[in-house]
Amino acid sequence: MKRGNMRGDSDRRRRRSIRLPEYDYSRIGFYSVTICTQNRECLFGEIGDGIMQANAAGQMILKWWRQLPVKFPSIAPDEFGLMPN
């Protein structure tokens with residue numbers, strides 16, 4: 001019996017990789033990561049008076065961002081921006 005993902009193999013998305021094939025991503029360097037919520041739903045707070053107002057979920061993300069170097073001493077997170085979605 002062939003195993004597939006929970007949604008079924010027909011729903012599996014195929015993404016084109018944007019990674020450089022010749023680059024060693026295990027090397028020390030600066031990396032930029034952008035993560036968006038499904039359907040870009042505003043789950044982490046809202047913008048009020050031009051400032052991000054984090055809700056409980058947004059506060060949790062901020063907390064764990066600050067914990068990254070504690071949990072993973074070999075990394076040194078730099079800039080971070082939390083948006084509603």
Side-chain angles (χ1 to χ4, degrees):
M1 179 161 133
K2 183 178 176 186
R3 292 182 155 201
N5 63 12
M6 291 179 69
R7 289 195 254 146
D9 289 333
S10 63
D11 292 339
R12 189 175 295 181
R13 293 183 181 168
R14 302 278 185 222
R15 286 190 182 181
R16 180 182 64 84
S17 176
I18 58 171
R19 291 180 174 228
L20 298 172
E22 67 279 356
Y23 188 77
D24 179 4
Y25 286 91
S26 67
R27 291 180 30 199
I28 292 175
F30 286 93
Y31 297 90
S32 175
V33 177
T34 301
I35 301 171
C36 295
T37 60
Q38 184 174 4
N39 300 321
R40 298 193 186 275
E41 291 184 54
C42 293
L43 302 177
F44 307 123
E46 57 186 40
I47 304 293
D49 296 323
I51 299 171
M52 172 62 186
Q53 307 292 326
N55 61 17
Q59 291 295 327
M60 178 188 64
I61 291 169
L62 293 168
K63 172 191 165 191
W64 286 109
W65 175 260
R66 293 181 194 114
Q67 287 295 311
L68 283 173
V70 174
K71 291 184 69 73
F72 305 98
S74 64
I75 68 168
D78 194 18
E79 295 295 318
F80 173 76
L82 177 67
M83 297 298 290
N85 61 2

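- Annotation: Glu79, atom CD; neighbour count of heavy atoms from other residues, nucleotides and ligands within 6.0 Å does not exceed 12.
- A distance of 11.5 Å separates CZ of Arg66 from CG of Leu68, quoted to the nearest 0.5 Å.
- Each of Leu43 and Ile51 belongs to its own hydrophobic cluster when Ile, Leu, Val, Met, Phe, Trp and Tyr are linked at side-chain heavy-atom distances under 4.5 angstrom.
- More than 12 heavy atoms of other residues, nucleotides or ligands sit less than 6.0 Å from atom CG of Leu20.
- Taking CH2 from Trp64 and NZ from Lys71, the interatomic distance works out to 5.5 Å, rounded to the nearest 0.5 Å.
- By the 6.0 Å contact criterion, CD on Gln38 is open, its count of non-hydrogen atoms from other residues, nucleotides or ligands being 12 or less.
- Taken from CG in Asn55 to CE in Met60, the straight-line distance is 9.5 Å, to the nearest 0.5 Å.
- For Met83 against Met52, the heavy-atom pair with the smallest separation is C-CE, 3.8 Å.
- Ring orientation note: the planes of Phe80 and Trp65 are close to parallel, at an angle under 30° on the 30°/60° scale.
- Atom-to-atom distance recorded for Leu82:CG and Phe44:CZ is 7.5 Å, nearest 0.5 angstrom.
- Between Ala54 and Gln59, the shortest heavy-atom contact is CB-NE2, 3.5 Å.
- Using a distance-only test at 3.5 Å, with no hydrogens or angles considered, a donor-acceptor pair links the side chain of Tyr31 to the main chain of Tyr25.
- Of all the heavy atoms in Glu46 and Pro84, the pair that sits closest is CA-CG, 4.1 Å.
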